[in-house]
Asker: 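One structure follows; several queries about it will come next.
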There are 2 protein chains.
Amino acid sequence: MIVGNARPNGHFTPCEQCPLRALPCLREFTASELEFVKQFKIDELHVDAGASFLHEGARAEHLYTVLSGWAFRYKMLDDGRRQILNFALPADMVGLQGTVMNEMEHSVEALTPLTLCVFPRAKLYELYSQFPTLAFDITWLAAREEQLIDEHLVSLGRRTAMERTAFLLLHLFVRAQELGMVKDGVCQLPFTQQHLADALGLSLVHTNKTLKRLLATKAVSWKGRGLEVRDRAALAAIAGSDVSLHKPRPFI
Amino acid sequence: MIVGNARPNGHFTPCEQCPLRALPCLREFTASELEFVKQFKIDELHVDAGASFLHEGARAEHLYTVLSGWAFRYKMLDDGRRQILNFALPADMVGLQGTVMNEMEHSVEALTPLTLCVFPRAKLYELYSQFPTLAFDITWLAAREEQLIDEHLVSLGRRTAMERTAFLLLHLFVRAQELGMVKDGVCQLPFTQQHLADALGLSLVHTNKTLKRLLATKAVSWKGRGLEVRDRAALAAIAGSDVSLHKPRPFI
DNA sequence: CGGCTAATTGACTTTCTTCAATCAGTGTGG
DNA sequence: CCACACTGATTGAAGAAAGTCAATTAGCCG
């Protein structure tokens, strides 16, 4: 297991200049909410690609949101089998379980250099008691994440290898698109086929062969690290259903 | 799809007499919390076994907690494939997604005659603004459910048929035990092998064969509807890991 | 005793995994 | 600039796991 580096920052971008606030998929803060969040954020954390910064079994003292970069939540079995639960992109919250429960039941690893906003668990009660709208946002984020996992569960349980591969690629593309991370129709996916396999619940070899068949349809291309959805309708047809988007309701 | 009957009640058990409050796995309410919850609960709903009372795609006007009985959350694909996401037992909350987001992304069906406490979405903001501790409880419940689904996802993605079957039976048994639903070491599981198959992401035939092999180990028995864990350590060994319990932190 | 649902079983096919190479791209040191 | 090492992608072959089809059996209920 790579542990790698996680560096606190000390001085960091203040919330009123947060680049994520401009995203259309996030709601506006009121002045007092912004004021609170500004002092709620106590640090910014930089994590190297490949490093895990939250570990199954560990107590979590902080809550995080992704400011930039990609990460993934995963669980390992004793014999080394790994299941990727989902991917975290900018504006996603990470570590809520460890904050609300007493212990993390999964780990989180950075796929790219990652910047996180750090919020102390100790001030969470203050948030809940003084900013019910923010508390509701946290609940919203938890419910949204559950929806994503539900959909993923359907993939692993009931979709064929081809369907679930198409669905996951489409899902990731659409999420990246929402965040403005698609340039010229291409989204940079910062992971290997092994990551894909561990997310899809398939072996690496079978993932490779399935992917090859999928790319042969021309509905989607994945060259180098660049993912391009060339024919969304066709890709959705292969996946069996299109991915659904959520109405905006943000935290940061 | 069976739609069945859902009958509002009108007069119902008041919260101070709620039979669930005695459970050791739930925390105590303060007097004012109890007072609020009492008027937050506007009705009690009785649902017949086999009836779905929340539907994918529908707007949800209410939030529910299970007072008695079993239910399950599920999603269907267009061609009829069904994936059971998880099971809801007494003290579980149901319909949060539909309340927090605008639309349900899954359906819920009763496995037994089901009694639900009904809470109006309209008063949720009042709860969040006046009872932060209750708001936190809701977040806790959402995080806990996510943990359960995470574990289920690992089963479908990375555990063998035998492992995941053992794990699910153990999981259900332990949850039932927490709720005092195990009598003389036996828990009544109100579902068929088809339900089990849809939860495990396996075909009915393969589920049957796997189950038979599992029962042959004598670690667990399932006769009629009665599930008995005869050797928890052995069952956990077959599952690959034991199920973890959560520290108490309740809502109702 | 029929009629119905759920559980079982055997035979066969398909999907997926595992094993074992091989190939491709990248970066390093000489 | 090239040999070498290393990681990630690709392939083929063989075997295991899981699905499908088609009966049959077991229980239950009126």
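Residue numbers begin at 1 in each chain, while the letters A, B, ... track the order of the sequences. Computed from a predicted structure; not experimentally measured.
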Asker: Between the base of D:dG19 and the side chain of B:Lys209, is there any donor-acceptor pair under 3.5 Å?
Answerer: no

Asker: If you compare every side-chain N and O of B:Lys212 against the phosphate oxygens of C:dT9 (OP1, OP2), does one of them come in below 4.0 Å?
Answerer: yes

Asker: Mapping B:Val205 and A:Arg213 to their closest nucleotides on DNA chain C, which lands nearer the 5' end?
Answerer: B:Val205

Asker: Could you tell me whether B:Leu202 contacts a base, only the sugar-phosphate backbone, or nothing, with contacts defined as non-hydrogen atoms closer than 4.0 Å?
Answerer: sugar-phosphate

Asker: Once the angle between the rings of B:Tyr64 and B:His62 is folded into 0 to 90°, is it parallel (under 30°), tilted (30 to 60°) or perpendicular (over 60°)?
Answerer: perpendicular

Asker: Should A:Arg225 be listed as having a side-chain N or O under 4.0 Å from OP1 or OP2 of C:dG25?
Answerer: no

Asker: Taking the basic N atoms (NZ, or NE/NH1/NH2) and the acidic carboxylate oxygens, is any pair closer than 4.0 Å for B:Glu105 and A:Arg144?
Answerer: no

Asker: Do the side chains of A:Asp92 and A:Arg73 get close enough for a salt bridge, i.e. N-O under 4.0 angstrom?
Answerer: no

Asker: Which nucleotide, D:dA9, C:dA7, D:dA18, lies nearest any side-chain atom of B:Asn208?
Answerer: C:dA7

Asker: Indicate, with a heavy-atom threshold strictly under 4.0 Å, whether A:Gly201 touches base, sugar-phosphate, or nothing.
Answerer: sugar-phosphate

Asker: Please determine if a side-chain N or O atom of B:Gln193 lies less than 4.0 Å away from the OP1 or OP2 oxygen of C:dT8.
Answerer: yes

Asker: Answer with base, sugar-phosphate or nothing: what part of the nucleic acid does A:Thr192 contact at a heavy-atom distance below 4.0 Å?
Answerer: sugar-phosphate

